[in-house]
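Quick notes on the structure that follows.
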Amino acid sequence: MKKNQKHPKPVIGTNALLKLEKALNTPDFRDARIYILTDTNTLNCCLPVLESVVIRSREAEIIELPAGEESKDLELCKGVWLSLLELGAGRDSVLINLGGGTITDIGGFAASTYMRGIRFFNVPTSLMGMADAAMGGKTGLDLDAHKNMIGSFAIPEGVFIYPAFLESLPQEEIRSGFAEIIKYALIADEDLWKKIISKNCLEIKNWVPLLNKSAEIKMSVVAMDPEETGLRKVLNFGHTIGHAIETLSRRKDKKPISHGEAVAIGIICESYLSYKMLNLPEALLGEISDIVLEQFPWKAIPGNAGALLPLLRSDKKNENGALCFTLIAGFGQVMINQQCPESWITESLEFYKGLKP
């Protein structure tokens, strides 16, 4: 991360791609060679839209990865580096990451480390990317299915969010990204919670207000703690258990639980821990569980607590050998670094299993 570099305010709305075109024609980027990192899905669905608006993108070299979380892999990142090298990318080049959270994660990491860092823009195409992954300067690769164990803090030159890209997504992708919006409501904004509990995420047509609020919450936190030394850990609510479930599912299941589905389960489990440790009202625990399960149909957790605990012990957010969680006492009442007994973690998983219809 460049010293004193500020995070750009995400551009959200129908004019986002026009704003990207304008940015690429400023003196800072006018003479830069452009490269676009995409995957097999966005290559077909989103790249033509980008090229129809962003004229300079038509001159870009395209680097394509397979779609899916499996692309967040060191060997595939090496392939991105080699492609940049073979295509003549220099330190003054620009990489546009066009895709979901996987593409912005690996693309940001590849850009931040190629030739000790080249500039990049994020153009997220999934709800997960728009609501969370493309903003904030975190990049990451998975290590042997462990989520985001390799990464860097690297600030994009800009984040351009064009909600119309969501129209090409299957329903399960929309649902997956909605988990992050639920998280933001619980950690920061009861009014946002009231807005989303009355809606089915698959029926929302105008995402701009929810994306604006998500960006506002995330970027206000990031501005105060850009490298997650303290406050930024509030954004991890639901993710500690969620990441462990996602990792275990990728190891065991033919059709793994998605990131959003795993975070949704994590939100319920960590709300239960919040009830045990921070006296989160039992009525609110029930409301959270009901609302999450309305959006995310109940799914069996692969394995048991004995299989999940080793993954939780290796979580990078732990301190001094203790399992640490971000928990809530109520809306906007967030406590970080909460050390939790393993027996209560097991209870939280049993609580979720007991919600099976």
With sequence neighbours left out, which residue pairs that include part of residues 38-76 fulfil the ring pair (Phe, Tyr, Trp, His ring centres under 6.0 Å) condition? none
Pairs meeting criterion ring pair (Phe, Tyr, Trp, His ring centres under 6.0 Å) with involvement of residues 50-75, two or more places apart: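 Every candidate ring pair (Phe, Tyr, Trp, His ring centres under 6.0 Å) pair involving residues 50-75 fails, so no pair, neighbours aside, qualifies.
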Sequence neighbours excluded, which residues qualify as salt bridge (charged side-chain N to carboxylate O under 4.0 Å, His left out) partners of [X]?
| X | value |
| --- | --- |
| Glu203 | none |
| Lys218 | Asp132 |
| Glu167 | none |
| Lys147 | Glu69, Glu246 |

If you group Ile, Leu, Val, Met, Phe, Trp and Tyr by side-chain heavy-atom gaps below 4.5 Å, do [X] and [Y] land in one group?
| X | Y | result |
| --- | --- | --- |
| Ile155 | Ile96 | no |
| Ile12 | Met128 | no |
| Phe153 | Val222 | no |

Are the side chain of [X] and the backbone of [Y] linked by a donor-acceptor contact shorter than 3.5 Å?
| X | Y | answer |
| --- | --- | --- |
| Arg56 | Leu24 | yes |
| Asp92 | Ala32 | no |
| Asp315 | Leu311 | no |
| Thr326 | Lys233 | yes |
| Glu270 | Ile241 | yes |
| Asn122 | Ala134 | yes |
| Ser214 | Leu211 | no |
| Asp105 | Asp142 | no |

Could you check Lys317 against Asn337 for side-chain hydrogen bond (donor to acceptor under 3.5 Å, both in side chains), going step by step and ending with a plain yes or no? CA-CA 8 Å; Lys317 298 182 290 296; Asn337 298 333; over 6 Å; no
Rounded distance (nearest 0.5 Å) linking atom [atom1] of [X] with atom [atom2] of [Y]:
| X | Y | atom1 | atom2 | result |
| --- | --- | --- | --- | --- |
| Thr102 | Asn41 | OG1 | CG | 10.5 Å |
| Ser249 | Lys299 | OG | NZ | 7.5 Å |
| Cys45 | Leu50 | SG | CG | 13.5 Å |
| Ile174 | Asn200 | CD1 | CG | 11.5 Å |
| Glu51 | Ile62 | CD | CD1 | 6.0 Å |
| Asn148 | Thr247 | CG | OG1 | 9.0 Å |

Evaluate side chain to side chain contact (heavy atoms under 4.5 Å, CB included) for Glu228 paired with Asn236, printing each intermediate quantity in order. CA-CA 10 Å; Glu228 201 175 48; Asn236 293 324; 3.2 Å; yes
Within the 6.0 Å centroid threshold, strictly below: His243 and His259: yes
Partners meeting ring pair (Phe, Tyr, Trp, His ring centres under 6.0 Å) with Phe121 (sequence neighbours left out):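 Partners of Phe121 by the ring pair (Phe, Tyr, Trp, His ring centres under 6.0 Å) criterion, ordered by chain and then number, come out as Phe29, Phe160.
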Which pairs with one or both residues in residues 340-357 pass side chain to side chain donor-acceptor pair (under 3.5 Å), sequence neighbours excluded? Tyr272-Glu347, Lys276-Glu347, Arg313-Glu342
Under a 4.5 Å cut-off applied to non-hydrogen side-chain atoms, are [X] and [Y] in contact?
| X | Y | result |
| --- | --- | --- |
| Cys324 | Gln338 | no |
| Leu210 | Ile204 | yes |
| Phe331 | Leu284 | yes |
| Val263 | Lys183 | no |
| Ile288 | Trp193 | yes |

With sequence neighbours left out, the residues meeting side chain to side chain contact (heavy atoms under 4.5 Å, CB included) with Thr42 are Thr38, Asp39, Cys46, Thr125
side-chain hydrogen bond (donor to acceptor under 3.5 Å, both in side chains) between Thr139 and Ser152, worked out: CA-CA 5 Å; Thr139 74; Ser152 62; 2.8 Å; yes
To check you understand the geometry: which heavy-atom pair defines the closest contact between [X] and [Y], and what is its length?
| X | Y | answer |
| --- | --- | --- |
| Tyr162 | Thr14 | CE1-O, 3.6 Å |
| Met130 | Pro124 | CE-O, 3.4 Å |
| Cys201 | Gln295 | N-OE1, 3.0 Å |

Are Leu327 and Val334 close enough, and set up right, to give a side chain to side chain contact (heavy atoms under 4.5 Å, CB included), and what steps lead you there? CA-CA 6 Å; Leu327 302 178; Val334 191; over 6 Å; no
Going through the checks in order, is the side-chain hydrogen bond (donor to acceptor under 3.5 Å, both in side chains) test met by Asn25 and Glu21? CA-CA 7 Å; Asn25 283 293; Glu21 167 73 1; 3.1 Å; yes
Verify the neighbour count for atom [atom1] of [X]: are there more than 12 heavy atoms of other residues, nucleotides or ligands below 6.0 Å?
| X | atom1 | answer |
| --- | --- | --- |
| Glu319 | CD | yes |
| Glu59 | CD | yes |
| Arg116 | CZ | no |

Please list all pairs meeting salt bridge (Lys or Arg N to Asp or Glu O under 4.0 Å) that have one or both residues in residues 82-91, counting only residues at least two apart or in different chains.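 Residue pairs passing salt bridge (Lys or Arg N to Asp or Glu O under 4.0 Å), neighbours aside: none found.
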Could you go through Phe351 and Ile268, starting from their C-alpha distance and side-chain angles, then the distance that decides it, and tell me whether this counts as side chain to side chain contact (heavy atoms under 4.5 Å, CB included)? CA-CA 9 Å; Phe351 173 76; Ile268 292 176; 3.8 Å; yes
Tell me, please, which residues at least two apart from His239 pass side chain to side chain donor-acceptor pair (under 3.5 Å). Glu180
Met224/Arg232 under side chain to side chain contact (heavy atoms under 4.5 Å, CB included): CA gap, chis, key distance, verdict: CA-CA 8 Å; Met224 291 184 280; Arg232 185 167 174 163; over 6 Å; no
No-hydrogen, no-angle side-chain donor-acceptor test under 3.5 Å, Glu173 and Ser176: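 Their side chains do not contain a donor-acceptor pair, so the 3.5 Å distance test is not met.
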Fellow cluster residues of Leu76, listed by chain then number, with links counted only when side-chain atoms sit under 4.5 Å apart: Tyr35, Leu37, Ile63, Leu65, Leu74, Val80, Trp81, Leu84, Leu85, Leu87, Leu95, Ile103, Ile106, Phe109, Tyr114, Met115, Ile118, Phe120, Leu141, Leu143, Met149, Ile150
